[in-house]
Amino acid sequence: MSTSSTTPQHNTTQQHKPFSGAMAEPPLPDFSQSVKLKYVKLGYQYLVNNFVVFLLLPVIVALSLEVLRSSPQDLIQLWNSMHFTSLHIICSFFLIIYTVTFFLVSRPRPIYLVDYALFKPPRSFRVSFGGFMEHARIVLADEPKSVHFQMKILQRSGLGEETCIPPAMHFIPPRPTMQLAREEAELVIFSAMDSLFHKTGLKPKDVDILVLNCSLFSPTPSLTAMVINKYKMRSNIKSFNLSGMGCSAGLISVDLAKDLLQRYPNSNAVVISTEILTPNSYLGKERAMLLPNCLFRMGGAAILLSNRRADRRRAKYRLAHVVRTHKGGDDRAYGCVAQEEDPEGHIGIKLNIDLMTIAGEALKSNITTIGPLVLPASEQLLFAFSLIGRKFFNSKSKPYIPDFKQAFEHFCIHAGGRAVIDELQKSLRLTHEQVEASRMTLHRFGNTSSSSLWYELSYIESKGRMKKGDRVWQIAFGSGFKCNSAVWKCNRTIKSPVDGPWADCIDKYPVHIPEVIKL
């Protein structure tokens, strides 16, 4: 799912300065009152979040004091007064052992993200703004309005000059052939897989589960069959090829792999997320279908998941939650992103004008579900009080928006376009730094569809910001219409990688992204 916006973009490194002029300066605020309110809020949060501890603490202290005041003879006498027989003791031990065993067997297996690898396109695939517009003028020579529309989109897109498109789209006109599409798929997928095998030491024949998602290119034999053939994987490997699920398919693949790993103990799963652009270059003039041409770029990710205890120490993250929201029952949501033909027979992706409204509704449903799973009790109580107050007292009052910054240290918002990031930053009240990874990924790599979340996670790691215990929230949108979330907990402090897609440019980021780029 991708989109663009004319909404002004705030500089991620810019600081807001007060206006100056002839007017008298306002009086300074009462800092003592501000400090008091701050500590009242912190105290309230601490009290609510540790309510059970505060409730049980007096009971535990009272029992402890009573035991300390009692002599050994009093304790022995108390034990004898209970009249336990051998049968009672044996039954009690059996019940305890049964309960512990049932708990250990029935609880979900922990799912670990051992490591992941990303595809970095060669510099020869780079498409500059000037090159893109020159191609557009040649291909759409009879449609100056369509060329001007694409120029306006690029100016406000948030993309930089380093994004890449496949070789087939460098031709004039583009050559969306099956052969070139397969060549792109092999380059992206095999490069990411080779890197993953090198980083993790995993051998192809040791892969138990393979899940691959690519929405718009679904050939026969499938892309998973292509991977199995290339690496000569086992004949009993469990493979799944997902298509047509949009930019949120990466988290759907993670959810499928998680369910399979719950079913099969002592196993691992490789998840591959990508989008193949070669067969999906739109050659018509419909504005709603030209937009993806301006935003989609090459990208791919390969992720190794495991439920093995041996991988616990070396794993980067542990999967905490996956929450999926599907709004396909609503006709507007179902048709807001669709692959179809224009009146002239050209196939492309059409983005409906209601896209951002529908995305907001899907996000609201998703965070309503994920909120109770991740938010501290203090935020949940405030939200509940707000809900009750609006329902019974004042229905026109603004609803309380939970502070998700208390639940997560890092946010990975799908880099579908500037409007997506702007809207989520506003809705979730995030800081510029918290959406920095999304904006910089859009600038450096463009909209890489389902793999964009992993480029954002790699950006955070490359900046040296990921510490043990940190929580990461990945949010993605996709056709259908879907909003999916995944929550990861960092398993160990991660050092800045010396390789990967950001290795040669991380020092210059974050960069200033102007509201409009002059072309």
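If you're wondering where the values come from, they're calculated on a predicted model, not measured in any experiment.
- Rounded to the nearest 0.5 Å, atoms CD1 (I172) and CZ (R137) are 12.0 Å apart.
- Under the 4.5 Å side-chain criterion, counting only non-hydrogen atoms from C-beta, L457 is in contact with E461.
- With R175 contributing its side chain and P167 its backbone, the two residues share no donor-acceptor pair below 3.5 Å.
- The backbone N or O of I165 lies less than 3.5 Å from a partner atom in the side chain of H170, making a donor-acceptor pair.
- Note that CZ of R287 is 10.5 Å distant from CD of Q150, once rounded to the nearest 0.5 Å.
- Under a 3.5 Å cut-off, the side chain of R156 and the backbone N or O of V516 do not form any donor-acceptor pair.
- By the side chain to side chain donor-acceptor pair (under 3.5 Å) test, S191 is found to be paired with no residue, residues two or more places apart in sequence or in another chain being considered.
- Although no hydrogens or angles enter the test, the distance criterion places no donor-acceptor pair under 3.5 Å between the side chain of N213 and the main chain of L242.
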Using the rule given for side-chain contact (heavy atoms from CB on, under 4.5 Å), can you reason through E184 versus M169, listing the C-alpha separation, both sets of side-chain angles and the distance that settles it, and then say yes or no? CA-CA 11 Å; E184 180 193 350; M169 297 176 70; over 6 Å; no
Using the side chain to side chain donor-acceptor pair (under 3.5 Å) rule, take Y459 and E436 through it: C-alpha gap first, then chi angles, then the decisive distance, then the call. CA-CA 9 Å; Y459 178 89; E436 180 183 306; 2.5 Å; yes
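- The environment of NZ in K463 is crowded: more than 12 heavy-atom neighbours from other residues, nucleotides or ligands sit within 6.0 Å.
- Nearest heavy atom pair, residue F411 against residue F404, reads CZ-O, 3.7 Å.
- Checking side-chain atoms of D470 against main-chain N and O of E409 turns up no donor-acceptor pair under 3.5 Å.
- Around the CG atom of D504, the shell of radius 6.0 Å holds more than 12 heavy atoms that belong to other residues, nucleotides or ligands.
- Minimum interatomic distance between I413 and E456 (heavy atoms only, all atoms of both residues): O-OE2, 2.6 Å.
- Annotation: salt bridge (charged side-chain N to carboxylate O under 4.0 Å, His left out) contacts of K230 (sequence neighbours excluded): none.
- Of the options R123, R297, K120, a salt bridge (Lys or Arg N to Asp or Glu O under 4.0 Å) to E162 is made by R123 and by none of the others.
- For the side chain to side chain donor-acceptor pair (under 3.5 Å) test, no residue two or more places apart in sequence or in another chain qualifies with D354.
- Applying the ring-ring contact (aromatic ring centres under 6.0 Å, His included) test to F190 and every residue at least two apart in sequence or in another chain returns Y231.
- Of the residues listed (F296, F125, W502), the one engaging F445 in a ring-ring contact (aromatic ring centres under 6.0 Å, His included) is W502, and it is the only one.
- Between the side chain of Y455 and the backbone N or O of G300, at least one donor-acceptor pair lies under 3.5 Å.
- Each of S438, S452, S450 was compared with H414 under the side-chain hydrogen bond (donor to acceptor under 3.5 Å, both in side chains) criterion, and only S452 meets it.
- Put simply, the side chain of I475 reaches to within 4.5 Å of the side chain of C483, judged on heavy atoms.
- No donor-acceptor distance shorter than 3.5 angstrom exists from the side chain of D208 to the backbone of A269, with no hydrogens or angles considered.
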Residue pair R429, D403: steps toward the salt bridge (Lys or Arg N to Asp or Glu O under 4.0 Å) verdict: CA-CA 8 Å; R429 297 180 298 178; D403 185 4; 5.2 Å; no
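- Between the side chain of N307 and the backbone N or O of Y264 there is at least one donor-acceptor pair closer than 3.5 Å.
- At a threshold of 4.5 Å between non-hydrogen side-chain atoms, the residues R465 and H410 count as touching.
- Here L295 contributes atom CG and T163 contributes atom OG1; the two are 10.0 Å apart, rounded to the nearest 0.5 Å.
- Side chains of Q425 and H432: a donor on one and an acceptor on the other come within 3.5 Å.
- V487 and F408 get closest at one heavy-atom pair: CG1-CE2, 3.6 Å.
- Taking a cutoff of 4.0 Å between a charged side-chain nitrogen and a carboxylate oxygen, D422 and R439 qualify as a salt bridge.
- Here the side chains of N491 and Y317 are not in contact, with every heavy-atom distance at 4.5 Å or above.
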Where do W454 and F119 land on the ring-ring contact (aromatic ring centres under 6.0 Å, His included) test, with the steps shown first? CA-CA 10 Å; W454 303 104; F119 169 70; over 10 Å; no
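- L304 has its side chain out of reach of D311: every pair of non-hydrogen atoms, C-beta onward, lies at least 4.5 Å apart.
- Residues that satisfy the side chain to side chain donor-acceptor pair (under 3.5 Å) test with N484, not counting sequence neighbours, are S248.
- Screening V139, L277, L180 against P174 for a side chain to side chain contact (heavy atoms under 4.5 Å, CB included) leaves a single residue, V139.
- Looking at T369, its side chain does come within 3.5 Å of a backbone N or O of S365 through a donor-acceptor pair.
- In terms of modelled atom types and a separation under 3.5 Å, the side chain of Q380 and the main chain of L375 share a donor-acceptor contact.
- For residues 268-279, the set of pairs meeting the salt bridge (charged side-chain N to carboxylate O under 4.0 Å, His left out) definition, not counting sequence neighbours, is empty.
- Contact check for I421 versus L442: side-chain heavy atoms found under the 4.5 Å cut-off.
- Atom CZ of R263 has 12 or fewer neighbouring heavy atoms from other residues, nucleotides or ligands inside a 6.0 Å radius.
- Contact record, T224 with N241: N-OD1, 3.2 Å, taken as the closest heavy-atom pair.
- Between S215 and G246, the shortest heavy-atom contact is OG-N, 2.8 Å.
- Scanning both residues, A359 and F481, for their nearest heavy atoms gives CA-CE2, 3.6 Å.
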